[in-house]
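Notes to accompany the following structure.
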Protein chains: 4
Amino acid sequence: MPQFTYTRRVRFSDTDVAGIVHFANFYRFMEEAEHEYFRSLGLKIMDHRPDGTAVGWPRVRASCTFESPAFYDDLIDVDVSVVRVGVRSLTLGYRFRRGHKSLAHGEVKTVFCNCAAGGKFESVDIPPEIANKFVESPADSHK
Amino acid sequence: MPQFTYTRRVRFSDTDVAGIVHFANFYRFMEEAEHEYFRSLGLKIMDHRPDGTAVGWPRVRASCTFESPAFYDDLIDVDVSVVRVGVRSLTLGYRFRRGHKSLAHGEVKTVFCNCAAGGKFESVDIPPEIANKFVESPADSHK
Amino acid sequence: MPQFTYTRRVRFSDTDVAGIVHFANFYRFMEEAEHEYFRSLGLKIMDHRPDGTAVGWPRVRASCTFESPAFYDDLIDVDVSVVRVGVRSLTLGYRFRRGHKSLAHGEVKTVFCNCAAGGKFESVDIPPEIANKFVESPADSHK
Amino acid sequence: MPQFTYTRRVRFSDTDVAGIVHFANFYRFMEEAEHEYFRSLGLKIMDHRPDGTAVGWPRVRASCTFESPAFYDDLIDVDVSVVRVGVRSLTLGYRFRRGHKSLAHGEVKTVFCNCAAGGKFESVDIPPEIANKFVESPADSHK
């Protein structure tokens with residue numbers, strides 16, 4: 001059962017000459033769904049600790065399986081579920097649907113990091129007040 | 001050993017506010033490398049049979065593991081190798097490098113299809129004259 | 001006075017290494033606002049005549065003036081106004097705001113066309129039932 | 001006469017469902033041409049002064065006129081010319097061609113700025129050693 005559903009209109013610039021949504025854009029849509037899921041939990045994907053240190057969630061692995069094309073102007077639902085909460089990592093699962101029709105499913109593994117300028121990331125433990133917000137789904141269907 | 005290497009300059013519009021290449025763009029870079037690899041073999045990703053039927057290679061699964069960030073203006077090498085040639089599918093592996101430094105690796109599985117207007121795809125056997133151009137790498141290091 | 005306002009969340013993939021929305025994305029946002037404005041009028045940007053001919057609105061000129069940066073996660077309003085309704089062309093104006101703060105303004109001129117496969121466009125007169133839906137703004141502030 | 005020509009392969013992800021290059025991507029291509037032109041002059045679009053201050057060239061206005069579509073896999077030439085060198089601004093002109101066929105032309109006005117974190121830009125005079133590298137074209141044909 002998804003913890004959250006994000007609804008997204010497919011835009012003209014999301015499509016390609018094959019007449020369908022370009023596959024790379026599904027990864028952008030998963031990220032948008034992730035950020036709205038974070039917002040729904042009162043969290044931010046880019047934040048700062050009380051001491052001013054920037055923290056974030058760089059992606060370490062992302063995969064997507066494409067079942068059926070999505071088209072210009074489709075209204076798509078992206079169901080988000082929690083696949084795994086690790087000590088330093090969070091893996092979310094995504095199911096893309098147009099109504100009841102499943103279009104794709106994917107997973108993105110992210111790692112909680114202190115972020116310094118110039119793209120320097122150091123993985124650190126997820127603070128309990130953040131980790132506790134994520135509950136693994138008992139029967140995840142996004143695999 | 002890669003069958004082909006594609007070299008790509010990272011562009012300003014490939015980056016994001018984290019100061020690095022946005023992860024979804026690695027999938028676009030894999031596709032660019034695939035198309036140049038096809039070109040090197042005398043093949044096209046979008047083609048027509050003698051009877052005029054359009055044929056192509058829709059993506060069915062893509063994954064990427066991100067090891068180290070890529071930055072604006074980097075000159076990146078993308079090594080392409082053949083992971084598996086199936087009856088109707090082709091899986092290519094990709095290794096991203098900046099010089100000797102490995103940045104990411106991924107795989108994209110595509111299926112050979114007859115393509116009709118409106119994003120209608122029907123998978124069909126890869127013709128032998130195409131399939132024979134792809135030789136699986138004995139020791140693929142992209143897994 | 002705008003005829004329509006489109007509200008858009010700035011996404012992570014809309015930004016670049018300068019920490020702001022990449023300028024090319026303002027053109028995508030103008031197009032999204034245009035399509036939602038068309039929808040609000042009961043029109044489609046890609047449509048078919050009763051005889052099956054595809055019709056559309058290819059862009060012939062687009063410009064944008066950037067006043068102040070937009071940032072990740074901003075909620076942006078795009079005001080749409082009608083600059084000019086020609087015999088075959090339609091020019092819409094756009095004003096980007098974050099609250100009362102003006103961020104950018106632009107114009108896109110499109111031409112009504114019969115569209116054939118392979119990107120072949122033939123400009124034709126806008127049918128009166130479509131042209132009549134657009135009313136030029138008496139005092140357009142997007143110039 | 002162009003000062004510089006940048007050659008660019010049109011990629012699958014540059015196209016849209018109309019079967020042509022999406023218009024917003026012409027602005028990305030102009031930026032790529034600009035950066036390669038800067039490189040040819042020994043300049044960088046993002047640089048630092050001897051005292052460490054970051055400097056750059058935020059865009060203040062961009063326009064493009066679209067004459068004829070560009071298609072997937074086209075090899076496109078982008079001619080760059082210098083329209084105007086101001087005290088703090090630089091306006092470059094761009095002509096898109098597929099062989100001798102003109103596809104589009106545009107202009108981008110940029111302003112030389114000190115850049116602080118968080119997208120804070122302060123316009124400053126272009127140092128003479130940079131300004132002197134740009135020579136206005138006597139008969140600019142990009143207008």
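This one's a predicted model, so the numbers in the text were calculated from it and none came from an experiment. Labels below follow one simple rule: chain letters A, B, ... track the order of the sequence lines, proteins then strands, and each chain is numbered from 1. Computation of the quantities below employed the complete heavy-atom set of this structure, encompassing side-chain atoms and omitting hydrogens, waters and symmetry-equivalent molecules.
- Here CG of D:Asp14 is found 9.0 Å from NE2 of A:His22. Values are rounded to the nearest 0.5 Å.
- In this structure, chain A has no heavy atom under 4.5 Å from any part of D:Ala117.
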Can you list, pair by pair, the side-chain donor-acceptor contacts under 3.5 Å of residues 124-134 of chain A, counting residues two or more places apart and other chains?
residue: A:Asp125; atom: OD1; partner: A:Arg88; partner atom: NE; Å: 2.9
residue: A:Asn132; atom: ND2; partner: A:Pro128; partner atom: O; Å: 3.1
residue: A:Lys133; atom: NZ; partner: A:Leu41; partner atom: O; Å: 2.8

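- Between chain A and the residues D:Ile20, D:Thr15, D:Asn25, D:Val21, the most heavy-atom pairs under 4.5 angstrom are made by D:Thr15.
- Near-neighbour residues of residues 49-61 of chain A relative to chain D, defined by a heavy atom under 4.5 Å from a heavy atom of that chain, are none.
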